[in-house]
There are 2 protein chains.
Amino acid sequence: MGERSRATTIADVAAHAGVSQASVSRVLNGKQTVDPAIVQRVQASIATLGYSPSVAARSLVHGRNDTIAMVVPDLENPLFQGILKGLSLAAASDGYRVLVADTAERVDDEEATAIEARHRCDAIVLCAPRMPEQRLRRLVEQVAPVVVVNRPLPDADVPIIGVDYVRGIRDLVEHLLGLGHRHLAYVSGPATSASNAERLRGVEEAEQVHPDLRIDVVPGGSRLEDGYALAEAVLGARDDGATAVIAFNDLVALGLMTRLRQLGVDVPGDLSIAGFDDVPMAGFATPSLTSMSVPRGEIGAQVWARLRTLIAGGPIEHSVLYRPRLEARESTGPVG
Amino acid sequence: MGERSRATTIADVAAHAGVSQASVSRVLNGKQTVDPAIVQRVQASIATLGYSPSVAARSLVHGRNDTIAMVVPDLENPLFQGILKGLSLAAASDGYRVLVADTAERVDDEEATAIEARHRCDAIVLCAPRMPEQRLRRLVEQVAPVVVVNRPLPDADVPIIGVDYVRGIRDLVEHLLGLGHRHLAYVSGPATSASNAERLRGVEEAEQVHPDLRIDVVPGGSRLEDGYALAEAVLGARDDGATAVIAFNDLVALGLMTRLRQLGVDVPGDLSIAGFDDVPMAGFATPSLTSMSVPRGEIGAQVWARLRTLIAGGPIEHSVLYRPRLEARESTGPVG
DNA sequence: CTGTTAGCGCCTTCAG
DNA sequence: CTGAAGGCGCTAACAG
């Protein structure tokens, strides 16, 4: 930390400038009114000595770090990457830095990781899609200030920034209904994932609202490989009458499309395919992939806005649920 | 940082256990031999009081943070994501955390960002593909301990973990030569990017070694959109006689393939296409994309290994250059 | 083996 | 407007 060998301290600067440490501290922080002459000398000394304050000492005095942590199950997930990027840029504009804590999908480590991260930082962002709700509730109390991302947690004292997956799925179903599809397949995500549960609720609601609609659920996954491996299962659903498929996310959809093409299935001619998340690649697939767009960077920025308020001792601001936006592309077409 | 409201301190624990702070500190750090009875009491007190040490105070005393920073131009680049993931996991296994500093491609901010990050951390990892060499040299001296990633910096006192792009390109060219191609096009990356310069060197070397080989350079970019927009330019090169294309990276190659397909160009029938980096999507494109695989996670782990040694006061260990591995797939085929 | 004593570098009353 | 003094929480000598 700080400099190599013994760093120059505020005392050195004070001596060099012939003033007290207090004065140096004042010009450093622009506090009170300091004699312009002193300001000059101190700044000169700081420059010639190449002094810069010790963050550790500052932290000890102030009780804060200007650092927040983001706890994620997998840094390689495009959704979390986008959120991290947005969060990191927003926080940086307020002089805060973001520390990442990747739990590598080990749900059992998440609590300890979060707590440890919280000890190092002023606040944390929690992405824990698989953690059981009760554990998460306890954890959230313990590590406040905190913002939870991408999963519901009703009536908890914590801001939640999330995506309205229920609504997103329903909108996507409407799109397919509009194209004439009446029998769909939903390729689900990880069984324990909260956002998968939300999507399933969307599926159920859609079925209730549209009695003539049928949606078969096919167990799936969350990665390209999963989608690829699921092609046969999906074809089974098609043989059952499904004319369109909604995948848990774009990666699954892309992997699925790849395999379907190998199997000679025409998309969307034989089968329509839709994904979720609108990853950058979606628009460049062949056929381009219909998806539900999620504002990843914006989510990151909102997370920071909430966290900043909390750090400043402000209230727990309202949660936000972003409504995904349909990006209708070539992979979904009229039934028939 | 630390707890909410006024946190319990080591003094509280000492009082509660009826011992001195020093003893508490000792059991906390497993230092010296402490009377088992005391250990018991202290641990009990720690548990009942829910005490956990202040990292800030520790940092101040030790002069370190157990935190490193990674400075990157763009967190959304798959290469850096992979490295960050590997770095973060490796560092975590030694109790270190990683803080990210995204400079959002603003080259002029990189120095300030790196220096600021260094003040907060015990060491930094520098990814600065566009920074002019002289500036980088000065910076590297200033922020040591540091490891530089993915760009050469001859004779500098810093470990470099990189990719042998020269070799990678040459191996890729050999692959295409083996397929009978004698006239290639290289779609270049960002003009100021160090790794693009390396690739260009590979191109030049290949041309020198193979007098019958011709490689036209087409100005390009680094993203999907860039590749997409470059299709016409690439077709120009093909009309000039090129039968195969090497793209700066996979994203460019994928964007290019998308557009070519729209234009009715058969890959690899009419034109072979190869990328670089072997991103996850490469194997799932249609046709699957021939690429040069780069061990992103492994690079991150090696970066940590070097950094750990430096932090411990060890020597500047040898730099490492990973040789990309050819992943020959469907997008490259025999000429004709 | 344990307690006391100094700081680590900075900020912040409180006098002057 | 400025300087002196104490303390943030912890660890590392140094005595006992």
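The basis for the numbers below is simple: all heavy atoms, side chains too, and nothing from hydrogens, waters or symmetry mates. Each chain gets a letter, A, B and so on, in the order its sequence line appears, and its residues count up from 1. Small disclaimer: the values here were computed from a predicted structure and weren't measured.
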Check: Nearest to the side chain of Ala57(A), which nucleotide is it out of dC10(C), dT2(C), dC10(D)?
Finding: dC10(C)
Next item on the list: Give the rounded distance in Å between these two atoms: CG of Leu60(B) and C1' of dC10(D).
Entry: 8 Å
Item checked: Closest to side chain of Val61(A), choosing from dT2(C), dG7(D), dC10(D) -> dG7(D)
Next item on the list: Please check the phosphate of dC11(C) (OP1 and OP2 only) for any side-chain N or O of Arg58(A) closer than 4.0 Å.
Entry: yes
Check: Among all residues two or more places apart in sequence or in another chain, which pass the ring-ring contact (aromatic ring centres under 6.0 Å, His included) test with Tyr51(A)?
Finding: none
Check: Going through the checks in order, is the salt bridge (charged side-chain N to carboxylate O under 4.0 Å, His left out) test met by Glu110(A) and Arg130(A)?
Finding: CA-CA 10 Å; Glu110(A) 286 181 333; Arg130(A) 322 262 170 102; over 6 Å; no
Notebook entry, point to check: Closer than 4.0 Å, any side-chain N/O of Ser59(B) to the OP1 or OP2 of dC10(D)?
Noted result: no
Item checked: Nucleotide dG7(D), atom C1' - distance to CD1 of Ile10(B) in whole Å -> 16 Å
Check: Between dC10(D) atom C1' and Ile46(B) atom CD1, what is the distance in whole Å?
Finding: 13 Å
Note to self: Side chain of Asn29(B) only, heavy atoms from C-beta on: which candidate in dC10(D), dT11(D), dC10(C) is closest?
What the structure shows: dT11(D)
Check: Expressed in angstrom and rounded to an integer, what is the separation of Leu28(A) atom CG from dT12(C) atom C1'?
Finding: 14 Å
Note to self: Distance check needed: dG9(D) P versus His62(B) NE2, whole Å only.
What the structure shows: 17 Å
Note to self: Quick check: do Asp122(A) and Pro145(A) have side-chain heavy atoms less than 4.5 Å from each other?
What the structure shows: no
Margin query: I'd like to know if the side chain of Arg306(B) reaches the main chain of Pro159(B), judged simply by a donor and an acceptor atom lying under 3.5 Å from each other, with no hydrogens or angles considered.
Written below: no
Check: So how far is it from Met70(A) CE to Leu99(B) CG, rounded to the nearest 0.5 Å?
Finding: 14.0 Å
Notebook entry, point to check: In whole Å, what is the span from the CZ atom of Arg64(B) to the C1' atom of dT11(D)?
Noted result: 12 Å
Item checked: Donor-acceptor contact present, side-chain Arg26(A) to main-chain Asn29(A), <3.5 Å -> no
Item checked: Residue Ile38(B), side-chain atoms from C-beta onward, closest of dT2(C), dG9(D), dC10(C) -> dT2(C)
Item checked: Evaluation steps, side chain to side chain contact (heavy atoms under 4.5 Å, CB included), between Val72(B) and Val100(B) -> CA-CA 8 Å; Val72(B) 290; Val100(B) 298; 5.7 Å; no
Check: Partners of Arg308(A) by salt bridge (charged side-chain N to carboxylate O under 4.0 Å, His left out), sequence neighbours excluded?
Finding: Asp94(A)
Notebook entry, point to check: Taking NE2 from His119(A) and C1' from dC10(D), how many angstroms apart are they, rounded to a whole number?
Noted result: 15 Å
Next item on the list: Would you please confirm or rule out a distance under 4.0 Å between OP1 or OP2 of dC11(C) and any side-chain N or O of Ser25(A)?
Entry: yes
Margin query: What is the distance, to the nearest angstrom, from the CD atom on Gln40(B) to the P atom on dT2(C)?
Written below: 13 Å
Could you go through residues 84-93 of chain B and list every donor-acceptor pair under 3.5 Å that involves a side-chain atom there, pairing it with any protein atom two or more places apart or in another chain?
from     : atom 1 : to        : atom 2 : distance (Å)
Lys85(B) : NZ     : Asp74(A)  : OD1    : 2.7
Lys85(B) : NZ     : Asp102(A) : OD2    : 3.0
Ser93(B) : OG     : Ala90(B)  : O      : 2.6

Each nucleotide N or O in nucleotides 13-16 of chain D that has a protein N or O under 3.5 Å away: list the pair and distance.
from    : atom 1 : to       : atom 2 : distance (Å)
dA13(D) : N6     : Arg26(B) : NH2    : 3.4

Check: Of the candidate nucleotides dT2(C), dG9(D), dG9(C), which contains the atom at the shortest distance from the side chain of Ser23(B)?
Finding: dT2(C)
Notebook entry, point to check: Which residues in residues 11-21 of chain B have at least one heavy atom lying under 4.0 Å from any atom of DNA chain C?
Noted result: Val19(B), Ser20(B)
Please list every donor-acceptor pair under 3.5 Å in which a side-chain atom of residues 131-139 of chain B meets a protein atom from a residue at least two apart or in another chain.
from      : atom 1 : to        : atom 2 : distance (Å)
Glu133(B) : OE2    : Arg137(B) : NE     : 3.3
Glu133(B) : OE2    : Arg137(B) : NH2    : 2.9
Arg135(B) : NH1    : Glu111(B) : OE2    : 2.8
Arg137(B) : NH1    : Pro154(B) : O      : 3.0
Arg137(B) : NH2    : Pro154(B) : O      : 2.7

